[in-house]
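Report on one structure; see the data block that follows.
So you know, we letter chains A, B, ... as the sequences are listed, proteins then strands, and number each from 1. Below, each value reflects all heavy atoms present in this structure, side chains not excepted, and no hydrogens, waters or symmetry copies.
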There are 2 protein chains.
Amino acid sequence: MSKNVELDAKDVRIVRLLRKNARISNKELAAKAGLAQSSCLERVRRLRMARVLTGYHADVDPDPLGIGLQAMVAVRLARHARADVEAFERHLETVTEVVTIFHVAGANDYLVHVAVRDSAHLRELALSAFTERPEVDHIETQLIFAHRRNHELPVYLDLEED
Amino acid sequence: MSKNVELDAKDVRIVRLLRKNARISNKELAAKAGLAQSSCLERVRRLRMARVLTGYHADVDPDPLGIGLQAMVAVRLARHARADVEAFERHLETVTEVVTIFHVAGANDYLVHVAVRDSAHLRELALSAFTERPEVDHIETQLIFAHRRNHELPVYLDLEED
DNA sequence: AGTGAAAGAGCCAGACG
DNA sequence: CGTCTGGCTCTTTCACT
């Protein structure tokens with residue numbers, strides 16, 4: 001899949017710092033990673049080119065944006081032919097309420113995290129984006145009370161480095 | 001929950017742009033949002049203070065970091081007393097393999113997205129972080145083949161603005 | 001609130017050790 | 001890989017709408 005990118009301890013430190021705060025200045029990043037600014041800039045560029053760093057995104061409180069409700073929709077497909085899988089995934093990409101799509105192995109085929117205005121909106125979305133789709137056999141919707149994302153990298157990654 | 005923050009169309013545009021690219025320069029952000037640099041800077045500051053923008057984070061390819069496997073662990077608690085819930089959540093915060101915790105209503109109580117080295121690591125984690133916990137009644141683990149996050153804001157948010 | 005201008009800080013390349 | 005230099009761009013403040 002990904003090219004044989006080898007990361008050393010300083011690369012991991014850079015990645016870890018950018019994961020925690022993507023708007024850190026190169027100057028501060030260099031200082032905290034223990035590098036000169038020029039070297040740091042070069043490493044970040046290489047990490048981006050190698051697609052180790054794939055993007056920088058702001059996290060937003062859904063409430064003031066009018067997102068009153070979030071849910072996880074577990075989806076089981078009727079058939080698992082490549083055509084069905086691809087058609088369903090292409091369809092999901094057009095649904096703006098979708099936050100994250102997890103393609104899983106187990107009782108379900110997909111877990112789809114959606115963000116909606118209210119319960120009426122969720123009901124309408126469940127029908128139009130899922131139940132009424134020909135590829136879909138069955139869905140089960142769970143309301144999300146709260147969710148917390150962890151922006152630290154796992155510590156076990158440190159053990160591999162010098 | 002959140003204070004009565006009212007966002008106008010320009011705020012939404014700023015948030016949308018920062019969600020797509022958190023490292024955009026203030027100059028470019030101002031141009032794309034249709035504001036002077038100084039006004040744009042002031043708005044971003046206000047959005048951060050109001051906790052509408054809660055952070056900026058780099059997205060990383062898990063592969064080169066030694067994350068070979070990801071899974072969603074569905075957890076059912078034995079009891080739902082406040083003490084049990086809080087103890088379990090506090091525990092999860094100490095587990096570095098945890099990526100996201102979804103607290104849900106439905107058949108399960110939590111969906112926990114974890115990132116691990118390999119299947120041996122997952123097996124060990126399932127035992128030590130979940131099954132052996134006194135608060136936990138039952139878990140079900142689903143392998144994540146792939147997941148795609150959508151960094152666009154839902155389009156239905158635009159309709160509220162002038 | 002928003003703007004424009006001006007000072008200050010940070011960015012980034014190139015040359016060299 | 002680190003340092004230094006120099007020019008350039010972006011950031012940030014401030015007085016004025």
For atom CD of B/Glu28 and atom C1' of C/dC11, their distance in whole Å: 15 Å

Atom-pair distance (CD on B/Glu42; C1' on D/dC16), nearest Å: 16 Å

Main-chain N/O of A/Asp8 paired to A/Asp11 side chain as donor or acceptor, under 3.5 Å: yes

Atom CD of A/Glu140 with >12 non-hydrogen neighbours under 6.0 angstrom: no

Nearest to side-chain heavy atoms of B/Ser39, which nucleotide of D/dT11, C/dT3, D/dC1: C/dT3

Nucleotide nearest B/Ser25 (side chain, heavy atoms from C-beta), chosen from C/dG10, D/dC1, D/dT11: D/dT11

Minimum-distance nucleotide to B/Arg43 side chain [options: D/dC10, D/dG2, C/dA1]: C/dA1

Sugar-phosphate only, base, or nothing, as touched by B/Ser38 at under 4.0 Å among non-hydrogen atoms: base

Separation of atom NZ in B/Lys27 from atom P in C/dC11, rounded to whole Å: 16 Å

B/Phe102 and A/Phe145 aromatic centres sub-6.0 Å: no

Spacing of A/Leu35 atom CG relative to D/dC1 atom P, expressed in whole Å: 7 Å

Minimum-distance nucleotide (side-chain atoms of A/Arg46 versus D/dC1, D/dT13, C/dA13): D/dC1

Whole-Å gap separating C1' (C/dG2) and CG (B/Asn26): 14 Å

Options C/dA13, D/dT12, C/dG4, nucleotide nearest the side-chain atoms of B/Gln37: D/dT12

Whole angstrom value for the distance that separates P of C/dG14 from CG of A/Leu41: 12 Å

Ionic contact status for B/Asp137 with B/Arg76, cut-off 4.0 Å: yes

Any A/Arg45 side-chain nitrogen or oxygen under 4.0 Å from OP1 or OP2 of C/dA13: yes

NZ or CZ of A/Arg23 within 45° of A/Tyr56 ring axis and under 6.0 Å: no

Sugar-phosphate, base or nothing in reach of B/Gly34, heavy atoms under 4.0 Å: nothing

